[in-house]
Structure formats: C-alpha cells, structure tokens
Amino acid sequence: VKLAEEFLLKYKENLLPEQMVNAFSYNYAHIYFRNGKYDDALEKLRTVKSNDYLFRTGINDLLLKIYYEKNAIEAALNLVDTYKHYISKSENIPPDYKILHEKFIRYYKELIKIKSGSTEITADYLADKINKETGISSKSWLLDKLNEIQTVTV
C-alpha cells in the first residue's frame with residue numbers, strides 16, 4: 001500500500017488533465033480503504049465527479065466494501081438497490097462488464113445477510129458457490145470476508 005501511495009503521489013501530474021482529480025481521488029480512496037481509514041476513503045470518493053461507467057462501478061464497489069467494514073447495513077442495502085438499477089439501465093456498460101458487477105452485487109447481498117445474522121445460508125456454502133463462479137468482480141474480497149466470518153464462528 002505504501003508503494004502504491006508513493007507511485008500515485010509521484011506520477012499524479014502524468015495523469016490526463018481532464019481526469020487528474022478524479023483518478024487521483026479515486027485511487028487515493030483505495031489507499032485509505034486498504035489502510036482501514038474508511039471515513040477518509042468516503043471523503044475522497046465524494047470528490048470524484050465522473051459519469052464514466054468505470055469510475056461509477058468502481059466507486060460503487062468501493063462504497064459497498066466500506067459500508068460492509070463500517071457495518072452500515074442499511075446504507076449498503078440502499079446502495080445495492082441503486083447500483084443494481086444503474087447497471088441494468090445503463091446502455092454504456094458492456095454486457096460482460098455488467099455481468100461481473102451484477103454477480104458481485106448478488107453475492108455481496110448474501111454476504112450482508114450472513115453478517116446480519118441470517119441463517120438462510122452459511123458462509124461455507126456461499127464461499128463454495130463463489131469459488132466455483134467465474135467472472136465476478138471483487139471475488140477475492142468476498143472470499144476474504146466470508147473467511148473472516150468462518151474464522152469467527154469456528
């Protein structure tokens with residue numbers, strides 16, 4: 001993470017001028033997230049102003065992860081609904097890219113249910129299902145969170 005931060009600071013000026021602020025803030029939000037500074041990550045994400053679907057999906061993915069870490073279940077579920085709608089209605093997102101994020105949202109929602117105490121499915125079952133899945137955004141993050149849940153319940 002330290003290396004990524006140094007790289008970002010060193011080469012910030014090499015970014016395309018029209019995307020510099022957005023790219024810098026978006027990537028710095030990821031650095032804050034990796035360091036567990038979730039409120040700082042949220043602040044950086046608030047400064048990203050772009051309608052580009054790559055930024056929008058990346059921001060939404062990161063927001064969902066932050067909400068998970070902050071245990072902000074209601075905010076997470078609200079964003080899940082908004083995000084699903086955005087992906088389904090957007091004509092600019094390529095179909096394969098849509099599928100990656102739709103799968104993430106679907107499994108994220110199940111992860112939230114498990115974290116909230118639902119016994120409909122187990123963390124083991126969901127992890128097995130995700131492991132068998134191909135083409136899913138943030139697959140390793142989902143599996144890491146399920147592993148944390150499994151570790152706590154053992």
### Query
Does the side chain of Lys145 come within less than 4.5 Å of Lys65's, by heavy atoms?
no
### Query
Asp52 side chain to Leu54 main-chain N or O, any donor-acceptor pair under 3.5 Å?
yes
### Task
Quick one: do Asn22 and Thr47 satisfy side-chain contact (heavy atoms from CB on, under 4.5 Å)? Show the steps, please.
CA-CA 7 Å; Asn22 289 330; Thr47 66; over 6 Å; no
### Query
Minimum heavy-atom separation for Ala41 to Ala29, with atom names?
CB-O, 3.4 Å
### Task
State, yes or no, whether a side-chain contact exists between Asp39 and Tyr32 at a heavy-atom distance under 4.5 Å.
no
### Task
Using the test ring pair (Phe, Tyr, Trp, His ring centres under 6.0 Å), find all partners of Tyr38 that sit at least two apart in sequence or belong to another chain.
Phe33
### Task
State the CD1-CG distance between Ile66 and Leu42, to the nearest 0.5 angstrom.
4.5 Å
### Message
Working note: Thr82 + Asn60, criterion side-chain contact (heavy atoms from CB on, under 4.5 Å); need CA distance, chi angles, decisive distance, verdict.
### Response
CA-CA 9 Å; Thr82 303; Asn60 285 330; over 6 Å; no
### Task
Output the distance between atom NE2 (His30) and atom OG (Ser25), rounded to the nearest 0.5 Å.
11.5 Å
## Note on the structure
The reported gap from CG in Leu111 to CD in Glu148 (rounded to nearest 0.5 angstrom) is 9.5 Å
### Message
Do Lys44 and Asp40 have side chains that approach each other closer than 4.5 Å (heavy atoms only, starting at C-beta)?
### Response
no
### Query
Any donor-acceptor pair under 3.5 Å linking the side chain of Lys115 with the backbone of Tyr68?
yes
### Query
Do the ring planes of Tyr28 and Phe24 sit parallel (below 30°), tilted (30 to 60°) or perpendicular (above 60°)?
tilted
### Summary
For Phe55 and Ser50 the tightest heavy-atom approach is CD1-OG, 3.4 Å
### Message
Check whether Asn147 reaches the backbone of Leu143 with its side chain - one donor and one acceptor, N or O, closer than 3.5 Å.
### Response
no
### Task
Could you walk me through whether Leu126 and Leu142 pass side-chain contact (heavy atoms from CB on, under 4.5 Å), step by step?
CA-CA 10 Å; Leu126 187 58; Leu142 289 165; over 6 Å; no
### Task
Would you please classify the geometry between the Trp141 ring and the Tyr108 ring as parallel, tilted or perpendicular, with 30° and 60° separating the classes?
parallel
Could you pull out every donor-acceptor pair under 3.5 Å between side chains of residues 97-106 and any protein atom, sequence neighbours left out?
from: Tyr97; atom 1: OH; to: Thr57; atom 2: OG1; distance (Å): 3.1
from: Tyr97; atom 1: OH; to: His101; atom 2: NE2; distance (Å): 3.4
from: Lys98; atom 1: NZ; to: Ile87; atom 2: O; distance (Å): 3.2
from: Lys98; atom 1: NZ; to: Ser90; atom 2: O; distance (Å): 2.7
from: His101; atom 1: ND1; to: Asp61; atom 2: OD1; distance (Å): 3.4
from: His101; atom 1: ND1; to: Asp61; atom 2: OD2; distance (Å): 3.1
from: His101; atom 1: ND1; to: Tyr83; atom 2: OH; distance (Å): 3.1
from: Lys103; atom 1: NZ; to: Glu133; atom 2: OE2; distance (Å): 2.9
from: Lys103; atom 1: NZ; to: Thr134; atom 2: O; distance (Å): 2.7

### Query
Do Lys49 side-chain atoms and Arg46 backbone N/O form a donor-acceptor pair below 3.5 Å?
yes
### Query
Between the side chain of Ser88 and the main-chain N/O of His85, is any donor-acceptor distance below 3.5 Å?
yes
### Message
Within the structure provided, determine whether Ile59 and Arg56 are in side-chain contact (heavy-atom separation under 4.5 Å).
### Response
yes
### From CG (Leu45) to CG (Leu62), nearest 0.5 Å
5.0 Å
When the side chains of residues 117-125 are checked against the rest of the protein, which donor-acceptor pairs come out under 3.5 Å, sequence neighbours left out?
from: Ser118; atom 1: OG; to: Glu120; atom 2: N; distance (Å): 3.2
from: Thr122; atom 1: OG1; to: Tyr125; atom 2: N; distance (Å): 3.0
from: Asp124; atom 1: OD1; to: Gln150; atom 2: NE2; distance (Å): 2.4

### Query
Taking all atoms of both residues into account, what is the closest heavy-atom pair of Tyr26 and Gly58, and its distance?
OH-CA, 3.3 Å
### Query
What distance separates Leu146 CG from Glu110 CD, expressed to the nearest 0.5 Å?
10.5 Å
### Task
Would you check if Tyr107 and Ile112 make a side-chain contact, meaning some heavy-atom pair closer than 4.5 Å?
no
